[in-house]
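Notes for the one structure printed next.
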Protein chains: 2
Amino acid sequence: MSIQLQCDNIEGMPKRVDHRERRDLIAGALMRVAAEHGLEAVSLRHVAAEAGVTSGMVQHYFRSKDEMMVFALSVVREHGAARVAAAVAALGDDPSPRTLLRTMLAELLPLDPARSADGRVALAFLAYTAVRPTVAAALHQDTAAMLAFVADQIRSAQVTGAADRRVEPEPAAAGLLAAMEGLGVYVLGGHYSAQTALTALDAQLDLIFGPAG
Amino acid sequence: MSIQLQCDNIEGMPKRVDHRERRDLIAGALMRVAAEHGLEAVSLRHVAAEAGVTSGMVQHYFRSKDEMMVFALSVVREHGAARVAAAVAALGDDPSPRTLLRTMLAELLPLDPARSADGRVALAFLAYTAVRPTVAAALHQDTAAMLAFVADQIRSAQVTGAADRRVEPEPAAAGLLAAMEGLGVYVLGGHYSAQTALTALDAQLDLIFGPAG
DNA sequence: CGTTTTACATTACGACTGCAATGCAACGGC
DNA sequence: GCCGTTGCATTGCAGTCGTAATGTAAAACG
């Protein structure tokens, strides 16, 4: 038997370059194209041009366009997760459930150009996966995890809170998460202003946690 | 001066056929294609084939693809409006604000295959217009009208309701509308079940109008 | 040192795209 | 009855698409 000594690569990796790095580079270009012109403007040549590489190189790192799309979707998810993690980390220890949720959800709203670009890509992928259910599994996981987390936070606030304003955690969490998503969509579409969205989010939290939390 | 006698057509219309009818036929085919394969699968030939006509005919009724897309978007809007109007009409006289809103919003959720197809098309157009702001104006109007209506309903319920659970109508309406949109998106993406979405919607209404309205 | 593998670049191909051009039958108005 | 307009079909074109094939330079490996 032969023992494979794989220093830092998981797969049968190349000689010099870091595959992950190149794929991230390409995925970044894809996201820029998608954010500006939509997912239907994403082509191998277009992405390659945006990334400043040849389309042959893109083809070298992704055997098909679909593989590239799936990878880019995973990068979008990681983007969002990292954003939320950073915002939560900056919150210090032991934030109240309401503060924690408000921070996380507000971070996922497209309130500045950077997040707006990410949001447009995410929205494009949302429409994309709605028609290709096979690649939506990862998104399902994300939503399910978020939903469970939000419900937990609501539940933990209920225990210590007043008993007169009791709400069911799961439906409230589902509604809150959906409200966040909808607010994001409306802000991206220009139907709501950033201010409107934030106010609505706070009002939503007021409804769940009681006013002036 | 010459008086134009235009019996039932608004524009300089053809000899025999009803332009509007043909355009609706084509738009219907477009929506079917978009619902099944996404908006990026919408091409003149594809739509023509789905409609059972030649692509030359499509070209005859729409001078460009963009014109066809814009028209289809307007049809999607009318679809939704008609759906809501029908649901409200079936409600009888003087429904409570809560019942009225619940009926309208639930009607816009993709809870059956027909509404799901419409929803996929609407979602695709949402992503489409997010990148082409010039064609989003009509959608803005719809959202603004809905927002004002929902806020009015909430306000009118406040007047007659108990004073202890007062909520600001505008942010609550914005949140409720966004929640509906987000629920729809999540159901379309398969992240929420229809049951989850309905339960969340009712919970949301509970939060605004008080439990067991 | 020679061979294999990796990292790209280039080119080609068939399919598809939106759209313009053209053809043609039929009906309306004069 | 002729003629122009309208309704629709067909064809062609320039361009883009995804992908496969091929070429080349260099590093890795025995």
Side-chain angles (χ1 to χ4, degrees), chain A residues 2-27 29-30 33-34 36-72 128 132 135, chain B residues 2-27 29-30 33-34 36-72 128 132 135:
Chain A
S2 72
I3 303 292
Q4 280 283 123
L5 174 67
Q6 36 196 30
C7 41
D8 58 292
N9 305 332
I10 36 174
E11 218 185 336
M13 290 288 269
K15 300 290 177 61
R16 292 184 314 222
V17 310
D18 183 3
H19 261 209
R20 172 71 198 204
E21 185 186 342
R22 299 295 164 119
R23 287 160 79 102
D24 280 341
L25 174 81
I26 294 170
L30 188 155
V33 171
E36 208 165 341
H37 305 292
L39 220 48
E40 76 266 15
V42 169
S43 71
L44 296 186
R45 296 170 231 261
H46 222 118
V47 169
E50 173 70 32
V53 301
T54 67
S55 49
M57 164 146 163
V58 175
Q59 212 174 164
H60 181 66
Y61 285 102
F62 297 103
R63 275 175 293 181
S64 72
K65 180 186 177 180
D66 222 58
E67 191 180 310
M68 177 175 71
M69 299 289 276
V70 169
F71 179 79
Y128 183 78
R132 284 173 191 71
V135 294
Chain B
S2 74
I3 302 292
Q4 280 282 123
L5 174 65
Q6 36 196 28
C7 42
D8 57 296
N9 305 334
I10 35 175
E11 219 185 334
M13 292 287 270
K15 300 294 178 56
R16 292 189 311 226
V17 310
D18 183 3
H19 262 209
R20 173 71 200 203
E21 185 185 342
R22 299 294 165 119
R23 289 161 77 101
D24 279 341
L25 174 82
I26 295 169
L30 189 154
V33 172
E36 207 165 342
H37 305 292
L39 220 46
E40 76 265 15
V42 169
S43 72
L44 296 185
R45 294 171 233 260
H46 221 117
V47 170
E50 174 69 33
V53 302
T54 66
S55 47
M57 164 149 164
V58 175
Q59 217 173 161
H60 181 68
Y61 284 101
F62 297 104
R63 276 175 296 181
S64 71
K65 180 186 176 181
D66 223 59
E67 190 180 311
M68 179 177 69
M69 299 289 276
V70 169
F71 180 79
Y128 184 79
R132 284 173 189 71
V135 294

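Throughout, a chain's letter reflects where its sequence line sits, starting with A, and its residues are numbered from 1.
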To the nearest 0.5 Å, what is the distance between [atom1] on [X] and [atom2] on [Y]?
X: A:Met69; Y: A:Leu30; atom1: CE; atom2: CG; value: 6.0 Å
X: A:Glu36; Y: A:His46; atom1: CD; atom2: NE2; value: 8.5 Å
X: B:Ile26; Y: B:Leu44; atom1: CD1; atom2: CG; value: 9.5 Å
X: A:Glu50; Y: A:Leu25; atom1: CD; atom2: CG; value: 10.0 Å

Expressed as a whole number of angstroms, how long is the span from [X]:[atom1] to [N]:[atom2]?
X: A:Leu44; N: D:dA20; atom1: CG; atom2: P; answer: 11 Å
X: B:Glu40; N: D:dG18; atom1: CD; atom2: P; answer: 11 Å
X: B:His37; N: C:dT17; atom1: NE2; atom2: P; answer: 12 Å
X: B:Arg63; N: C:dG18; atom1: CZ; atom2: C1'; answer: 16 Å
X: A:Met68; N: D:dC17; atom1: CE; atom2: P; answer: 11 Å
X: B:Gln59; N: D:dT6; atom1: CD; atom2: P; answer: 17 Å
X: A:His46; N: C:dT17; atom1: NE2; atom2: C1'; answer: 15 Å
X: B:His60; N: C:dA20; atom1: NE2; atom2: P; answer: 15 Å

Which sits closer to the 5' end of DNA chain C, A:Arg45 or A:Met57, going by the nucleotide each is nearest to?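 Upstream on the strand: A:Met57.
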Decide yes or no for B:Val42 and B:Met68: does some side-chain heavy atom of the first lie under 4.5 Å from some side-chain heavy atom of the second?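 A side-chain contact under 4.5 Å exists here.
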Would you say B:Ser43 reaches C:dT17's phosphate, i.e. side-chain N/O to OP1/OP2 under 4.0 Å?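 True: B:Ser43 side-chain N/O within range (under 4.0 Å) of C:dT17 OP1/OP2.
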Base, sugar-phosphate or nothing for A:Val42? Non-hydrogen atoms, less than 4.0 Å.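 Counting heavy atoms under 4.0 Å across all strands, the contact made by A:Val42 is with sugar-phosphate only.
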Heavy atoms only, 4.0 Å cut-off, all strands: where does A:Arg22 land among base, sugar-phosphate and nothing?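 Sugar-phosphate, backbone atoms only, no base.
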Please pick, from D:dA20, C:dT10, D:dC8, the nucleotide with the shortest atom-to-atom distance to any side-chain atom of A:Thr54.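 The listed nucleotide nearest to A:Thr54's side chain is C:dT10.
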Closest-nucleotide mapping onto DNA chain D: is A:Asp66 or B:Val58 further toward the 5' terminus? I mean the 5' end.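 Its nearest nucleotide lies further toward 5', so the answer is B:Val58.
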